[in-house]
Protein chains: 2
Amino acid sequence: MELGPPGGSGPAEPGPRLRGLRGADAAASASSLSRFGAEAGCRASAVAAVLPAGGSGERMGVPTPKQFCPILERPLISYTLQALERVSWIKDIIVAVTRENMETMKGIIQRYQHKRISLVEAGVTRHRSIFNGLKALAEDQPNCRLSKPEVVIIHDAVRPFVEEDVLLKVVTAAQEHGASGAIRPLVSTVISPSADSCLDHSLERARYRASEMPQAFLFDVIYDAYQQCSDYDLEFGTECLHLALKYSHIKAKLVEGSPDLWKVTYKRDLYAAESIIKERISQKVCVVMDTKEDEEHVGHCLEEMLKTELNHVKVTSGQDLQQIILEQCYNFVCVNVMTSDFEETQRLLNMVEESNLSILYPVVVISVHFLDYESVPLGQKMEKVMQIREFAKEAKKRNILLSGLLIYFPQEIQRDLLH
Amino acid sequence: MELGPPGGSGPAEPGPRLRGLRGADAAASASSLSRFGAEAGCRASAVAAVLPAGGSGERMGVPTPKQFCPILERPLISYTLQALERVSWIKDIIVAVTRENMETMKGIIQRYQHKRISLVEAGVTRHRSIFNGLKALAEDQPNCRLSKPEVVIIHDAVRPFVEEDVLLKVVTAAQEHGASGAIRPLVSTVISPSADSCLDHSLERARYRASEMPQAFLFDVIYDAYQQCSDYDLEFGTECLHLALKYSHIKAKLVEGSPDLWKVTYKRDLYAAESIIKERISQKVCVVMDTKEDEEHVGHCLEEMLKTELNHVKVTSGQDLQQIILEQCYNFVCVNVMTSDFEETQRLLNMVEESNLSILYPVVVISVHFLDYESVPLGQKMEKVMQIREFAKEAKKRNILLSGLLIYFPQEIQRDLLH
């Protein structure tokens with residue numbers, strides 16, 4: 001059943017594809033990481049996540065289960081997996097899917113190169129799916145190939161916007177209290193109807209909260225609770241926190257979550273998720289430099305400046321472009337310091353085209369060229385301009401918006417800039 | 001303060017601009033209308049609506065109060081007013097807005113030609129705003145220019161997708177039980193935290209419901225309740241149903257509402273609302289005929305056919321085009337049975353352009369031309385095709401997507417079709 005690498009041995013540091021994507025969050029993220037490492041000591045590696053994804057999506061009014069609904073052609077669950085994968089200290093991610101969706105899920109993992117994922121079969125209810133996920137991590141189960149974590153996160157496949165921040169909060173709270181969960185204020189007043197559908201009483205809104213995901217538990221706390229569960233709990237229960245209270249006598253610590261934690265439930269939520277993803281895309285840029293040396297010098301200056309405006313800035317000299325495109329970066333600045341032609345830009349355009357990234361949403365590429373003000377004659381400058389225009393015209397047919405930026409300056413300044 | 005016509009004397013039948021817009025719902029709507037009329041007897045005219053719209057939208061994270069946030073350049077509250085206005089048996093709509101937004105609101109009413117609206121000043125809290133709205137309808141208030149309704153609907157300015165169907169349900173239930181409100185299943189489990197932010201207990205989700213809007217009350221029931229309210233209720237209370245229970249001892253009848261009743265609360269809800277409005281736009285078409293005679297014959301055939309595919313089909317010979325455009329119809333079929341040039345289409349294009357309708361979203365116009373197969377020579381046909389192309393090129397610059405459809409057939413068939 002397992003598809004990811006066995007043993008939960010993901011890299012301890014974020015891979016190269018993660019470093020830049022965090023952009024402005026990188027510093028905060030790094031400090032959280034070390035804080036968590038320090039608190040958890042040698043047990044820092046012992047966090048896993050279980051994701052029940054066996055739902056049928058009946059509330060959605062669409063035939064596809066909501067976790068597989070495409071947003072910009074990519075299934076919703078792939079965004080959620082990406083959000084969890086970015087957190088390097090989550091060592092294993094167990095996804096519970098129904099037998100009929102197993103192949104679909106394997107295809108998604110392969111296509112979007114998800115890492116550290118193990119698949120288990122979903123149960124008939126949400127609780128049974130979670131239990132199956134926990135069993136895959138428990139040492140007392142036969143054929144268990146994953147190591148038992150100290151803490152297990154339980155999250156929903158249909159909450160794609162979970163941040164490292166809240167994951168860290170529930171995990172550390174679970175270490176201290178045994179159980180923890182994200183909560184939100186109630187949007188509507190909650191009422192209790194009588195048998196004849198009349199108002200019996202309404203609850204005082206300020207005294208209650210909506211229980212959301214992620215939740216985290218000491219593994220033994222939640223696994224013990226599930227082992228003691230009645231069939232009724234497994235069939236009709238909705239709440240892991242409640243099971244931890246009922247069977248393991250643990251009062252979960254409640255952590256205030258952000259509005260973005262909401263669960264994609266109705267069709268309108270898919271629209272909202274798409275718009276949030278588009279907004280994030282507009283905040284993400286990749287700067288492609290033509291040499292490693294430029295990446296370190298000019299690239300760094302550019303990165304600092306762009307970071308004042310954008311959330312996610314990644315600089316590369318091109319080795320990991322394929323991965324960056326795969327992670328849905330739609331904005332590129334292609335800097336050609338040493339070359340005066342469009343090699344780098346052309347290479348990028350080809351990769352973008354092959355990826356089909358621009359099918360649903362336009363890709364923006366700014367091609368920047370530095371040319372010596374004195375040594376390059378006017379005619380040659382004009383030729384450049386015309387070349388970019390022709391390129392742009394062709395690219396536009398494929399929904400790629402290409403602009404050119406020519407920067408002319410004396411050779412000495414260029415030298416200063418580079419050294 | 002009042003802006004709408006005094007005395008709550010809106011038209012008893014929907015105006016011409018409403019008839020066609022209902023499209024597929026027209027039959028259902030008409031039968032509901034008569035059902036309500038029959039049940040309510042001579043009191044059928046005595047329904048008003050109160051809309052508290054004094055909120056500041058702090059949860060939104062945007063400076064504009066959410067009810068004034070634009071969706072396709074039109075403020076959210078204007079969609080809600082439109083939804084209420086379409087219901088001809090709602091005689092008065094009282095909107096409570098803060099003093100500082102009074103002019104903005106008057107501007108919206110004028111710009112979108114809203115009818116039957118009276119403005120009152122909002123209170124500091126939602127309950128105070130509703131109370132101010134009720135006072136404007138109460139006979140015991142000085143300077144009251146509106147007549148007291150039998151039933152009052154209370155709705156939110158930020159729930160734009162309310163349908164006549166659910167309004168009718170709460171109003172008839174209020175007539176029978178004294179109070180009524182729309183409910184929805186809970187999306188999240190509701191929990192009660194202890195003082196130290198730990199889980200105290202969670203509620204059994206199946207036994208509770210979210211209380212939504214619209215709600216409806218016998219006017220005396222809710223007005224009496226508000227008159228008895230404590231300051232604490234007016235400051236911190238959230239629920240009109242609760243006030244009716246507490247002070248008028250009325251157990252409200254609860255009515256299951258549709259998912260579209262949800263309240264626009266967070267920024268993501270604006271995205272969702274925009275997508276729903278765009279989806280509705282794609283379901284709405286207006287067929288413009290060049291003569292009244294055509295409207296009745298060819299237009300009717302077309303309407304029947306289009307209705308099998310689209311929710312809202314409106315046929316006109318052009319008198320009410322301005323109003324149709326104002327109500328955000330983005331799809332037009334312009335049929336020229338008798339004329340062989342583009343007069344009708346050109347007139348439509350001019351009106352669309354003047355309205356600025358296409359600024360944010362493309363307007364689609366299909367220009368249909370019937371020409372005699374035998375009498376029109378090939379050269380003339382080609383000329384037509386070229387003309388449409390030129391037109392389309394120009395229109396596209398203004399985000400209007402114009403297509404031409406030429407139908408050639410012998411004169412006899414045309415005569416058969418028309419008579």
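Keep in mind it's a predicted model, so treat the numbers as computed, not measured. Protein chains get the first letters and strands the later ones, always in sequence-line order, with residue 1 at the start of each.
Put simply, the side chain of Trp262(B) does not reach to within 4.5 Å of the side chain of Val187(A), judged on heavy atoms. Within the 4.5 Å cutoff, side-chain heavy atoms of Glu279(A) are placed close to those of Lys267(B).
Looking at Leu203(B), the atoms closer than 4.5 Å to chain A (heavy atoms on both sides) all sit in the side chain, from C-beta outward. Neither the backbone nor the side chain of Glu256(A) comes within contact range of chain B; no heavy atoms are under 4.5 Å apart. Proximity to chain B (any heavy atom under 4.5 Å) is shown, for Ile250(A), by neither the backbone nor the side chain. Using a 4.5 Å cut-off between heavy atoms, Ile276(A) contacts chain B through both its backbone and its side chain.
Residues of residues 72-80 of chain A never come within less than 4.5 angstrom of chain B, heavy atom to heavy atom.
Considering OG of Ser180(A) and CG of Leu199(B), their distance stands at 10.5 Å, rounded to 0.5 Å.
When all heavy atoms are compared, the tightest approach of Ser202(B) to Glu239(A) is OG-CG, 4.2 Å. Nearest approach of Leu254(B) to Pro193(A), heavy atoms of both residues: CD1-CB, 3.7 Å. In terms of heavy atoms, Ser188(B) sits closest to Glu212(A) at OG-OE2, 3.1 Å.
Among Ala252(B), Ala210(B), Ala173(B), the residue making the largest number of heavy-atom pairs under 4.5 Å with chain A is Ala252(B). Contact count against chain A (heavy-atom pairs under 4.5 Å) is highest for Val190(B) among Leu245(B), Val255(B), Val190(B), Ile183(B).
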Task: Glu274(A) vs Tyr271(B), side-chain hydrogen bond (donor to acceptor under 3.5 Å, both in side chains): CA-CA, chis, key distance, verdict - done: CA-CA 9 Å; Glu274(A) 180 174 320; Tyr271(B) 294 143; over 6 Å; no
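Counting only distance, with no hydrogens or angles, the side chain of Arg268(B) and the backbone of Pro259(A) share a donor-acceptor pair below 3.5 Å. Looking only at distances, a side-chain donor or acceptor of Lys253(A) sits under 3.5 Å from a matching main-chain atom of Asp196(B).
With sequence neighbours excluded, no residue forms a side-chain hydrogen bond (donor to acceptor under 3.5 Å, both in side chains) with Asp200(A).
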